[in-house]
Amino acid sequence: MDHFLYRDGVLHAEDVAIPEIAKAVGTPFYVYSSATLARHYRLFDEALEGLDHLVCYAMKANSNQAVLRLMASLGSGVDVVSGGEYLRAKAAGFPGDRIVFSGVGKTREEMRLALLGGIRQFNVESEPEMVVLSEVAVGLGMVAPITVRVNPDVDAKTHEKIATGKSENKFGIPIARSREVYALAARLPGLEVIGIDVHIGSQLTSLEPYEQAYLKVAELTETLRADGHTIRRLDLGGGLGIPYEQSNTAPPLPVEYGALVKRTLGHLDCEIEIEPGRLIAGNAGILVSEVIYVKSGEGRDFLILDAAMNDLVRPAMYGAHHDILPVIEPEAGTEQHPYDIVGPVCESGDTFTKNRAMPPVEAGALVAFRSAGAYGAVMASEYNTRPLIPEVLVHEHQFAVIRPRPTFDEIINRDTIPEWLEGSA
Ligand SMILES: *Cc1c(COP(=O)(O)O)cnc(C)c1O
């Protein structure tokens with residue numbers, strides 16, 4: 001249930017017809033459903049009911065200010081991975097004590113920013129980072145609350161570019177070395193150890209890797225406590241997958257994930273944090289695009305869209321699948337036609353999908369990419385001087401542009417000509 005449904009033969013976002021938005025903002029654009037975002041947050045919140053917990057939305061999935069404001073208003077925490085994200089979270093209204101700072105390469109400047117602005121905890125990922133964070137905190141006369149991200153060496157069985165919990169990945173410290181790393185943390189004057197962090201990857205479609213990882217975390221909790229450390233918070237990361245293909249078997253539900261958390265870690269009397277991103281935002285957004293041309297090729301037809309890899313890079317970057325459907329509902333029994341669906345960018349990689357069967361569409365028709373709310377707009381670029389496309393938020397029968405399309409002048413005038421080239425053309 002994601003609030004993008006056909007009504008009277010026209011695709012709607014909640015109570016708003018997609019063509020109405022297209023008319024107001026032009027194509028292509030992203031549109032997000034408030035009700036879906038809220039629903040997904042609540043599913044996680046309810047799944048952990050009975051445990052002391054905080055859902056910390058991983059804002060790298062979709063960091064628009066309006067989306068963040070909505071999440072903050074629901075009571076969510078937030079997981080940030082850069083100083084920029086930290087500032088965005090603060091600007092959207094998250095108090096410091098609901099902001100968690102993750103990431104392998106935090107700089108001194110980012111640490112200072114978060115310490116001064118208020119932070120729930122840093123999830124530190126290496127010994128050198130610990131030493132630097134302690135120095136920065138001591139310099140400010142502060143103590144930084146930390147968990148250490150451990151790498152449990154489990155196979156998340158997901159795409160290699162988004163697996164993070166194997167020993168060959170750059171993330172966290174090997175779980176086998178935890179005791180010495182925690183001992184170092186305890187000796188550093190600017191740090192207060194409060195817990196353990198683990199995040200094994202993204203788009204997980206089975207609970208089994210979580211189970212392996214969380215059992216290791218449970219054991220580590222006991223070991224570290226026996227060593228004299230305070231372990232009162234467990235950050236379990238994010239990564240639960242979403243059904244990108246409606247025809248495929250669905251990944252586990254938040255409620256099943258919650259039951260697993262309770263079963264593996266519930267007895268430890270720890271506060272539980274989780275950091276879902278994709279599952280909250282992914283199916284809460286679609287990308288709407290217009291067909292520019294239908295071009296007949298050798299043995300295939302190309303659907304050339306006005307959206308491209310710079311707007312939605314997941315297919316080019318991960319070979320990701322997005323369901324694509326016409327905005328005007330085809331009549332029942334319409335025969336499907338195979339298309340290669342591509343954008344106008346000058347790269348063969350600018351191909352969303354090949355040989356995709358869908359109802360026939362003509363130039364001027366609108367199509368919608370499902371599951372585009374996470375890792376869509378945030379990964380966009382202006383390659384080929386294609387302006388970042390607008391983002392729109394729907395709430396029941398209302399919609400608002402939450403990021404406008406920049407003008408070409410705005411894009412061009414961001415560049416500056418050095419003095420020695422002035423007047424040369
Ligand atoms: C990316 C990331 C997440 C969110 O992952 P999803 O697959 O979007 O749920 C959570 N925690 C950390 C540390 C991350 O890097």
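Just so it is clear, the values below take in all heavy atoms, side chains as well, and ignore hydrogens, waters and symmetry mates. Just so it is clear, the structure is predicted and the values come from calculations on it, not from any experiment. Numbering of ligands and ligand atoms starts at 1, following listing order.
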Quick check: does G277 get an N/O under 3.5 Å from an N/O on ligand 1? yes
Which bit of E275 is near ligand 1, meaning a heavy atom under 4.0 Å away: side chain, backbone, both or neither? both
Does P276 reach ligand 1, in the sense of a heavy atom lying below 4.0 Å from it? yes
Per-atom contacts, ligand 1 versus A58 - under 4.0 Å to a heavy atom: 3 (C), 4 (C), 10 (C)
Pairs of nitrogen or oxygen atoms closer than 3.5 Å, one from Y375 and one from ligand 1: do any exist? yes
Within the 4.0 Å heavy-atom cut-off, what D79 brings close to ligand 1 is side chain
For K60, the atoms of ligand 1 under 4.0 Å from one of its heavy atoms are 1 (C), 2 (C), 3 (C), 4 (C), 14 (C), 15 (O)
Hey, are D15 and R7 close enough for a salt bridge, meaning a charged N less than 4.0 Å from a carboxylate O? yes
Do you know the tightest heavy-atom contact between G83 and F101? N-CZ, 3.9 Å
Distance-only N or O hit between ligand 1 and G239, under 3.5 Å: yes
Taking all atoms of both residues into account, what is the closest heavy-atom pair of E20 and V16, and its distance? OE1-CG1, 4.0 Å
One finds that the ligand 1 atoms under 4.0 Å from a non-hydrogen atom of G238 are 9 (O), 10 (C)
For Y383, which residues count as a ring pair (Phe, Tyr, Trp, His ring centres under 6.0 Å) partner, sequence neighbours excluded? none
For atom 7 (O) of ligand 1, what is the nearest protein heavy atom, given as residue, atom name and distance? S202 OG, 2.2 Å
With sequence neighbours left out, which residue pairs that include part of residues 245-265 fulfil the salt bridge (charged side-chain N to carboxylate O under 4.0 Å, His left out) condition? E211-R263
Grab the two heavy atoms, one from M309 and one from A316, that are nearest each other, plus how far apart they are. CE-CB, 4.2 Å
Do T147 and R233 get their side chains close enough for a donor-acceptor pair, meaning under 3.5 Å? no
For residues S381 and N310, is any side-chain donor paired with an opposing acceptor at under 3.5 Å? no
Please determine whether any non-hydrogen atom of F171 lies less than 4.0 Å from an atom of ligand 1. no
